[in-house]
Amino acid sequence: MTATISNLPSLYDPFTTEAKWQKFWEENQVYKADPNHGGEPYCVVIPPPNVTGSLHMGHAFESALIDVLVRYHRMQGRNTLWLPGTDHASIAVHTILERQLKKEGKTRAELGREEFLNRAWQWKAESGGTIVNQLRRLGVSVDWSRERFTMDEGLSKAVVEAFVSLYNEKLIYRGEYLVNWCPATQSAVSDVEVESKEVDGNLWHFRYPLTDGSGYVEVATTRPETMLGDTGVAVNPNDDRYKHLIGKTLTLPIMQREIPIIGDELVDPTFGTGCVKVTPAHDPNDFEMGKRHNLPFINILNKDGTLNANAGEFQGQDRFVARKNVVSRLETDGVLVKVEDYKHTVPYSDRGKVPIEPLLSTQWFVKIRPLADNALQFLDQKDSPEFVPQRWTKVYRDWLVSLRDWCISRQLWWGHQIPAWYAVSETEGQITDTTPFVVAKSADEAWEKAKAQFGDNVQLQQDPDVLDTWFSSGLWPFSTLGWPEQTADLAKYYPTTTLVTGFDIIFFWVARMTMMAGHFTGKMPFQTVYIHGLVRDENNKKMSKTANNGIDPLILIDKYGTDALRYTLVKEVAGAGQDIRLEYNRKTDESASVEAARNFANKLWNAARFVMMNLDGQTPAQLGQPVASELSDRWILSRYHQVINQTTSYINNYGLGEAAKGIYEFIWGDFCDWYIELVKSRLQPGADPTSRRAAQQILAYVLEGILKLLHPFMPHITEEIWQTLTQQNPDSPQTLALQAYPQVNADLIDTALEAQFDLLIGTIRTIRNLRAEADVKPGAKVKVNLQTGNLQEQQILVAGQAYIQDLAKVETLSIAAEQKSQTVAPAKSRWSWKTIGLIFVGLIFLRVGLAVADTVNRIPLAGTFFQLVGLGYSMWFIARSILFAKPKPVNTVSQKPTAVAEPAPTSEQTIAGVVGTVQVVIPLTGVVDIETVRAKLEKNLSKIEAEAQSLRGRLSNPKFVDKAPADVVQGAKDALAEAEKQAEILRDRLQALQ
């Protein structure tokens, strides 16, 4: 399976490599779990995507996060299972099939249930595997032998078991209740299948006259057609304007029905007129008020969205047509007060794409309070499950507290048919709201129960409705492991370890799983719930079908490879649960961030090729454990084990983005840019054999460790390199995915050494930057003077002198104590105790000289001569010893021959920089033409300053700022910031030219 025994190809081909290893992993069942094996279990069940779905960026993001966790824990030695599967997606499948039938000129009813289900299963067989095959392209390490489908035989059995059990415990009941009704699909829909949209609508005001003729009340509504079903008007009982009207009646316009005025504290007296029309059969709040006040429930809608006989003259009209006609009639009758423009939120069916209607309907419900209270008890008493980030705990708890009974029946055919059979022989062959029924696990059991209750001639008909898909999804964590049977998988892997999911389905899926699991298994279904954020588009906007701003992950995979996309998505996460922004050019289908990850893969590939070219055909195992022989060896080993420690800590605490960044910085910076460069000279022919062997050992050891560290994030390229590095047998290779994750060796971590090496790296980087700023030719070697008053830094620089000269192309390196400036403290430098002593001695000599001179002065001409000589000598001595004395250099470092203790002369032209307290000075005389460099910098600075001035002018113009598109204005601001930054850099470079 390896590319070549000796080395890797010159170029990395992600597409061939990724397909090869995906096939190998699956065919060899590398990720097949065994409950009989040892090891602490680590189990994740995949959030099942819809069988109708195609891979979107949310799937890719979530799958990448899960795979990092699963691969990491597998390499940590845990008995790992990642269980895959898909959801049957009742409404989505219906939408697809009914669209096909419409093209054929047929309807579902004409086709019949049996034939419709045959088509559904056929579609699933032909097209239902799309999302699964796309998940395979992500390289997810799931156990495909355990793939489940929510309508497979085992899970269907679990659904029936759960329904019958809940019914027998009186936790499932059939009753009349308000549901979200989609007229397009003619089915009840769950809250999660409702999308709220803000629309520009109207608010209609009209009057309801008091029956006694003493006046009227004014009400307002956004749905005037529903007034045909009004059975009351409510006011707040504490509202002084209306409380005297409570108990009186009104005459409903058009319908001429007498309705009461009721007092209810739900009414907000500050909203609108303070009077609220009550339509109990078509509004959730009105439904509750209707029950409290025993109002009639009048349904005016048919299931297709037209009005029924209760709407009188508007019967048969579509709801929106009726809306216009009702308003027209109210205006004709003189009770329409006014019409206002009104922006408000309207709930839409996610599948049917039409506004939903609250509809009074007989449905099946789960009595939710006992289940929710049980889940709350686990949370409050055992802090189970634990949420990451922790802030989502409150959101989850608040949802459990506020849950209402759950409508679980759907008027569809594709799904789990409700296991209830009606004795239609008792109601003239029809299923009605009053038809008696039995609930059973099978048709045979239903017959036995029905015959015992209604006699041998009973006629049965199974409920045509199916269960909400969230019912089966709520059982997912334990039904997929074999429940209700007590299987080995259930015993080993349940409760599961981690659930990774988005915050948007905490309510709809997470809460249902915890309620179902708590009830049926007595345990929470997972220990931890890791809530991830969203992948936002290039403009930091949420991706959605409505905005049409989704980014197809397959396009980026085809362009850059799977590993590059996976790594980008994980690396961008800055803190658990945070949203990420994905850079994307829609014109070219390119992503700068994914391209950067592809470049990182290439960097690793090229580094691995270099290492293997210099191992003399030996594997890390053959080379043996590394023995550090030089400073750089000890440094890279320390950094490597620091990164191991950092990475494991981050992953264990769900800091996956931080872990990815840390590995990136170590590989690209420490290993590739520094250590490999530092050891190149030790790998050359003729190098010291002991040093060469040590360099080979450490290169091989660290490279193999890097591949293991990075494997959970970029599994394909790391597998390919590792196979070649370790020279696996192509016929029966081991796999990197099953190797042990690196373990930290604290004895090899030397933080002091790392800090010292940081100074060396900073010095080399500063010299390189100064060379570039001065336009020194890349191949030219320069003289460098390093000055510092810090003794420890001097010692570090001397110890790493060879590294500095090698990597910074330094011919002569001087390391000296920092030169004191003569202008800083002249009094202290001239009038020290030493100076005073010299003056004192000088005065003594002067006094003796004067005495001698006085004697000699008696000799003609001699006295004058000696006085002149004495005066001249005294002036010379004082000037030399006191006024113009130069301090001797402080040579506190043991220097090699190339290290010069004297500071650099200050008279020649230099360029200087600082790293820490080290001053880096490069003499430029004879190396570059200073004036040419200065002129070039000044020319560039003038150009940049002119550009910045132009941008400031545009941004100070109110017309531009107010009228230009927001992205254009922001672009100008960004350009100005960049120009100012570049100008500052150029000024610093000019300043550095001393």
Glu938 and Lys943: salt bridge (Lys or Arg N to Asp or Glu O under 4.0 Å), yes or no, with the steps? CA-CA 9 Å; Glu938 289 173 344; Lys943 182 179 178 181; over 6 Å; no
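Between atom CD of residue Gln134 and atom CG of residue Asp552 there is a gap of 8.0 Å, rounded to the nearest 0.5 Å. Atom-to-atom distance recorded for Ser593:OG and Leu582:CG is 4.5 Å, nearest 0.5 angstrom. Going from atom CZ of Phe61 over to atom CZ of Arg566 covers 13.0 Å, rounded to the nearest 0.5 Å. Here the CG atom belonging to Leu138 is positioned 11.5 Å from the CD atom belonging to Glu62, to the nearest 0.5 angstrom. Rounding to the nearest 0.5 Å places CG of Leu69 at 5.0 Å from CG of Leu656. Taken from OH in Tyr584 to CD in Glu590, the straight-line distance is 9.5 Å, to the nearest 0.5 Å.
Applying the ring pair (Phe, Tyr, Trp, His ring centres under 6.0 Å) rule to Tyr72 yields the partners Tyr741; only residues at least two apart in sequence or on another chain are considered. Here Asn645 pairs with nothing under the side chain to side chain donor-acceptor pair (under 3.5 Å) rule; sequence neighbours left out. Applying the side chain to side chain contact (heavy atoms under 4.5 Å, CB included) rule to Phe503 yields the partners Trp392, Ile506, Ile531, Leu534; only residues at least two apart in sequence or on another chain are considered.
Ion pair Asp589/Lys559 not flagged as a salt bridge, since none of the NZ, NE, NH1 or NH2 atoms sits closer than 4.0 Å to an Asp/Glu carboxylate oxygen.
By the 30° and 60° cut-offs, the orientation of the rings of Trp399 relative to Phe508 is perpendicular.
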